[in-house]
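Comments concern the structure below.
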Amino acid sequence: MSLFRYLSSVLLACALTVSCNNLVRGSNAVHTYYVHPDVQGRALDAKMSDYLKKHLQRRCETNILDREGVEVSIHVADDFGGDFGFSHLPGGGYDLRAKDERTMIWLVYQFIKMAGREDKSISTDDLPPLLLSGRDTVVTFPFEYRDVYMPTNQNLDMTYLLALNNLEVDWGIWGHNLSRVLGSNGDLSFGYQNMDQELFARGADGVVHQNQFCFSSDKLLDLTEKYIMDQYGDGSKFPYRMTIGPADNDWVCLCRRCETAGNTKTNATPAVVQFVERLAARFPAHTFFIPGYSTTKSLPDHKLAHNVGVFLSAIDYPRNWNSEDERSQKFFHELEQWQALTDNVYIWDYVSNFDDYLTPYPILYVMQERFRQYRKRGVKGLFLNGSGYFYSMQQEMYTFLLAHLLINPDADIDRMVKDYYKDAMPNVGQFYASVVMSMEQHARRSGSELPMYGGMEESLRSYLFEKDFREFYSVFLRASAMEMTHRERVLYEKTRQFVSFSFLEMCRIHGLGSGGFAELVGDEWVVKPEVWSAVEDLKIMTPEDDLWILTSNENAAMDHMDRVNEQGVYVADYENEVELWLASGAWNNDLLLRQPLTVSYDGGSEKTTKLTDAVAGISQNYHWGWQIYPQKDLVIELPADVLSGKSGEFTISFLNSERHRMAPPKSVEVWADGRSIGVLRREGLVDYVDEGEKVVFKGAVGFGRPEVVELRFIPSHTRNVGIDEIYFN
């Protein structure tokens, strides 16, 4: 059976079962419950007993609490040898135990979910899938620290419900934010603003770099100590974790004291470790971490203090299933080396494509395998860097399931996905689950590495099977006619907006070819109706009152639902440029349309039609229709026979992306048979160009009967140039 027929059959099955959903809501409860503290008079047991009663009753329309009901005993203490325990009482009922209040909150909701599985009068469709097996068990979590950096986990209620950690409450100084000690942009930071040159890094030439710190500075240490004491105390009442690291750039301080500590041009570890260990000695109850990344990637030369650890970046650990290649082994070796120096090894891992939050990203099987490796190797904590405050495709589902896998890396992913969608989307959830699992299984079978910073071309090369996606997209659009709950409709429309973006990028990759954005009607290329429909779907706006449905977090929802990537580009900005390009139909007046060009540059050459395929580049992202070439000795040969005897105007667009070492050239010269006959220059008179801006060069020229026509590029200060199309009309 083809995927199209399979998905259509799933959708039909969803439609046939729709009337069976939620029929028993509001009926009398199957059971009543007698919830009580295990130790009468013990405050924490009583508090969490009341918590379970309150939240269980909230989820049932009839009274569900009775002293004659099923007994549930609540005990919070670390005296049973695990993080949580679940067992049956001898006379019937249940005993729930947890080492602390936060873990008990998770266990309470797991119990409510379990009760709702048996009793449909208890509403649990907004809760994560059930991880409890129902068997007696005592469990120790494989990782002491578990954090998923996604919008759902920005809500502290959800943090506790999912047994996660949260950087906002569990960390003091975080990552590269040491600058908060000094203030930012001239704003005072708790009275410690001090811009003394002693605080900042010096190069080997003695030049001060105010965007980097000197970690041998006594004044910086003093300011940091005061900041920690004022904001977090000495840790005796509430210990914090702190990450102390250099600003996120390549500068390393090479002042006399830092060089004496052991710093080199590329290694800041010696001075940073020395700084952190001085703080650790001052605050023995807090735990301090250095980032195992960039200039602090090198190992220290000694075993670290008991309250000092490393936050090791997994950026070099390939994101593909069951990876055992040379890079993986190198990462594991690095991990083992750090573990020989500290008992506090946390991993900073990545669960998103940071250049594309909209396209599906099947990360579950990949992360499950990584969690198993981390567990086997004794890693103590995991921070999963996702889309942060920005909404990403089905982020709530991924947050829920990743949280569960952090507790049990051996959990059944297929079952969890199906359970989640069965509750969250009772009418169309089976269809969603089948699509998610199809992509997850394809990514696992392919063994391809998932892109961490990739566009649609990288996704298609690695994990996204285009034929399947197009079939899914076709069936998915038909699902709009189905009956859905209000929650389902909100989730459906947001998904529709996102997959429409993915569909458009697929069409743009193919240009005027098969599967492209336009079709030939007579002598003109006309935009396909389904492409215009996808553009309209990009305009879908979620009503403000419904935004919380997408994240379970009103604070994270207000301004973060419509971003494309880590840089915060708005979907609307992408849509506006695409719509203007499609409406222009400029390709129909282009004499170079679909003509092969020869591109020569320093060290290479290629023949391509990508510069004449009618696909305009979209600003702010180098993946969106831009071809990247070195500027040095860049020459593009044009078809002389097509241009012979013609006069017209060249138009070429370039992408300015300094962070990716791309900028427009100074100018472009038109050459015919070895002599310059025209110059293309940037439109406008202002020299300044914004990061991510599309810059247009134009120039009029007339041709005689040349044998060779070339565009020669006069390079600017950066290494590469990003070009979209070369028009001549």
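Being a predicted model, the structure only gives us computed values, none of them experimental.
- No side-chain donor-acceptor contact under 3.5 Å links D234 to the backbone of F283.
- A side-chain donor-acceptor contact under 3.5 Å links S392 and S387.
- By the 4.5 Å heavy-atom criterion applied to side chains, L96 and F86 are counted as neighbours.
- In this structure, F215 and F213 have perpendicular ring planes: the angle between them is above 60°, well past the 30° mark.
- When atom types are taken as modelled, the side chain of N565 and the backbone of V569 share a donor-acceptor pair closer than 3.5 angstrom.
- Between E225 and R278 no salt bridge is recorded (no basic side-chain N to carboxylate O distance below 4.0 Å).
- Within 6.0 Å of the CH2 atom in W106, the count of heavy atoms belonging to other residues, nucleotides or ligands exceeds 12.
- At distances below 3.5 Å, at least one donor-acceptor pair connects side-chain atoms of T296 with backbone N or O atoms of Y293.
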Exercise. When you look at H404 and F400, which way does the ring-ring contact (aromatic ring centres under 6.0 Å, His included) test go after all the steps?
Worked result: CA-CA 6 Å; H404 271 13; F400 282 5; 7.9 Å; no
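- Between the side chains of Q395 and T152, at least one donor N or O sits under 3.5 Å from an acceptor N or O.
- Using cut-offs of 30° and 60° on the angle between ring planes, the pair Y350 and F354 is perpendicular.
- Checked options N153, D170, T159; the residue passing with N165 is D170 (criterion: side-chain hydrogen bond (donor to acceptor under 3.5 Å, both in side chains)).
- A side-chain hydrogen bond (donor to acceptor under 3.5 Å, both in side chains) with K99 is found for one member of D83, T140, D79, D78 and no other, namely D83.
- With a 4.5 Å cut-off on side-chain heavy atoms, Y149 and Y389 count as touching.
- Within a 6.0 Å sphere centred on CD of E326, other residues, nucleotides and ligands contribute 12 heavy atoms or fewer.
- E440 places a side-chain N or O within 3.5 Å of a backbone atom of L364 that can act as its donor or acceptor partner.
- Panel note: side chain N344, backbone H306; a donor-acceptor pair is recorded below 3.5 Å.
- The aromatic rings of F383 and F311 sit perpendicular, their planes meeting at an angle over 60°, well past the 30° parallel limit.
- For the residue pair E277 / H302, a side-chain donor-acceptor distance below 3.5 Å is found, with atom types taken as modelled.
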**Request:** With side chain to side chain contact (heavy atoms under 4.5 Å, CB included) as the test, would you mind laying out the steps for Y346 and V379 before giving the verdict?
**Result:** CA-CA 6 Å; Y346 285 15; V379 169; 5.9 Å; no
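- The side chain to side chain donor-acceptor pair (under 3.5 Å) search around E334 returns K297, not counting sequence neighbours.
- Side-chain contact between M439 and L464: present, with at least one pair of heavy atoms (C-beta onward) separated by less than 4.5 Å.
- Looking at Q368, its side chain does come within 3.5 Å of a backbone N or O of A411 through a donor-acceptor pair.
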Exercise for the section: With side chain to side chain contact (heavy atoms under 4.5 Å, CB included) as the test, would you mind laying out the steps for D410 and R372 before giving the verdict? Expected result: CA-CA 8 Å; D410 299 316; R372 288 169 171 169; 3.1 Å; yes
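- Note: F289 and W174 fail the aromatic proximity criterion, with ring centroids not under 6.0 Å apart.
- S446 places a side-chain N or O within donor-acceptor distance of the main-chain N or O of A443, the cut-off being under 3.5 Å.
- Centroid-to-centroid, the aromatic rings of Y109 and F111 stay 6.0 Å apart or farther.
- Nearest heavy atoms, R202 versus V208: NH1-CG2, 3.2 Å.
- Within 6.0 Å of NZ in K303 there are more than 12 heavy atoms belonging to other residues, nucleotides or ligands.
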Worked check of ring-ring contact (aromatic ring centres under 6.0 Å, His included) between F141 and F143: CA-CA 5 Å; F141 294 147; F143 311 109; 9.8 Å; no
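- Q373 and R377 form a side-chain donor-acceptor contact under 3.5 Å, judged by distance and modelled atom types alone.
- The side-chain tip of R444 points at the ring of Y365 from less than 6.0 angstrom away and within 45° of straight on.
- Between Y374 and F371, the ring-plane angle classifies as tilted under the 30° and 60° cut-offs.
- The closest donor-acceptor contact from the side chain of E458 to the backbone of G455 lies under 3.5 Å.
- Residues D355 and H623 have side chains that bring a donor and an acceptor to within less than 3.5 angstrom of each other.
- With sequence neighbours excluded, no residue satisfies salt bridge (charged side-chain N to carboxylate O under 4.0 Å, His left out) with E168.
- Residues passing the salt bridge (charged side-chain N to carboxylate O under 4.0 Å, His left out) test with E566: none are found, sequence neighbours excluded.
- Looking at Q394 and Y361, their side chains never bring a donor and an acceptor atom within 3.5 Å of each other.
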Stepwise ring-ring contact (aromatic ring centres under 6.0 Å, His included) check, F332 with Y317: CA-CA 8 Å; F332 294 148; Y317 181 11; 5.1 Å; yes
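- At a threshold of 4.0 Å, the pair K330-D316 does not count as salt-bridged, since none of the basic side-chain nitrogens sits closer than that to a carboxylate oxygen.
- Shown here is R661, whose CZ atom has no more than 12 heavy atoms of other residues, nucleotides or ligands within 6.0 Å.
- At a threshold of 4.0 Å, the pair D95-R97 counts as salt-bridged, since one of the basic side-chain nitrogens sits closer than that to a carboxylate oxygen.
- Between the side chain of S462 and the main chain of S448, no donor-acceptor pair closer than 3.5 Å is present.
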